[in-house]
Number of protein chains: 2
Amino acid sequence: MAPGRLTAEDLIAGLRCAGLRVTAPRRAVCAVLAAAGRDHLTAADVAARAGAAANLSTVYRTLDALEGLSMVEHVHLGHGAGAYHVGPSAAHHHLVCEVCGRTIDVPIDALQRAIEQVTAPLGFLPDSAHFAIVGRCAECAGA
Amino acid sequence: MAPGRLTAEDLIAGLRCAGLRVTAPRRAVCAVLAAAGRDHLTAADVAARAGAAANLSTVYRTLDALEGLSMVEHVHLGHGAGAYHVGPSAAHHHLVCEVCGRTIDVPIDALQRAIEQVTAPLGFLPDSAHFAIVGRCAECAGA
DNA sequence: CTCTCTGCAAATGCTTTGCAAACTC
DNA sequence: GAGTTTGCAAAGCATTTGCAGAGAG
């Protein structure tokens, strides 16, 4: 298992620790998220993988709760649905190909520095990875 | 009038030039967009300013047509509605405060260079201004 | 036993679409 | 006239919410 990545147990513990109740649907959502690892899942994806264990509404509510605890983040990868993934330390930006829809993760460093250089004089504190950078991937740009 | 900014006539001419028909609702949408200048308007904003001159559906269809001609761009400033503005040369990124919702435009230069540095090795061609950078503005961060 | 959480179904907000009538070229 | 556009209303997503019943602590 990759070091530093949150496990289902970590997520559950976080919920309990925050005084929230640990229920079967929440366990299921946490398990799905942990199993997805670095993948970005939509709420519908999570619900689908959880099967009957969790209703879509409950998935949304649980993701929201986990996000409030900073254990899950959601990003916008395109014009469609938002995507969720574990971690608070998602040290990457998302490049999304507007043609084929593929997502490429890139380390945050260089970008982050450039963004902060621009925003610091304004006093603006960026949460820059929240929205993706759209464009065309190498393959689709070539065509 | 600011130099280089497209006028309503420019937009109309573009439509005609593309073989599309120039109708009253389209004229109204073009006029609203040109009058908005650097402001970002949602489709609903455009429809509201056009009054009875253009139905919301028509506004969407017209914006779509103008976008196809690269005379209008749309950006995503937050979790809500998308926003439209004239120009292909929108040489700025958008910083959106997640607390107060204010939008700050920043020149594209520094950011664009940093983004291209990251994406070039991947062969990825970014259209980086399409999604905003969320965060907190100076005022809201202070509180 | 109390209070939170769940599932369902309905509501919401934004955007798209089908279709007959209106209008441009 | 021929063919594109319009307005309206309805459908389509993603997401949120009200509420009664189920379940956690």
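Source: prediction; values computed, not measured. The chains referred to below are lettered A, B, ... by the order of the sequence lines, with proteins before strands, and numbering in each begins at 1.
One interatomic measurement links the two molecules: CG of B:Leu63 to C1' of C:dC14, which rounds to 13 Å at whole-angstrom precision. For A:Tyr84 and D:dA14, the OH to P distance is 12 Å, given to the nearest whole Å. One can place CZ of B:Arg16 at 10 Å from C1' of C:dC25, the figure rounded to the nearest angstrom. As rounded to whole Å, 13 Å separates atom C1' of C:dT17 from atom CG of B:Leu56. To the nearest angstrom, P of C:dT24 lies 16 Å from CZ of B:Arg61. When rounded to the nearest whole Å, the span between CG of A:Asp64 and P of D:dA14 equals 18 Å.
A donor-acceptor pair shorter than 3.5 Å cannot be found between the side chains of B:Asn55 and B:Thr58. For the 3.5 Å distance criterion, the side chains of B:His130 and A:His79 qualify, holding a donor opposite an acceptor.
Both B:Gly80 and B:Leu20 sit near DNA chain C, but only B:Gly80 has its closest nucleotide nearer the 5' end. Take the nearest nucleotide of DNA chain D for B:Ser57 and for B:Pro25: the residue whose nucleotide is more 5' is B:Pro25.
In summary, the aromatic rings of A:His74 and A:His85 are positioned with their centroids too far apart to meet the 6.0 Å limit. For B:His76 and A:His76, the ring centers are positioned 6.0 Å apart or more.
Put simply, A:Thr23 has no side-chain N or O that comes within less than 4.0 Å of OP1 or OP2 on C:dC5. Note on B:Tyr60: a side-chain N or O is less than 4.0 Å away from OP1 or OP2 of C:dT15. The side chain of B:Arg26 places an N or O atom within less than 4.0 Å of a non-bridging phosphate oxygen (OP1 or OP2) of D:dT5. The side chain of A:Asn55 places no N or O atom within less than 4.0 Å of a non-bridging phosphate oxygen (OP1 or OP2) of C:dT6.
Backbone-only engagement by A:Ala53 is indicated by non-hydrogen atom pairs under 4.0 Å involving sugar-phosphate atoms exclusively.
A donor-acceptor contact under 3.5 angstrom links the side-chain atoms of A:Arg21 to the base of C:dC3.
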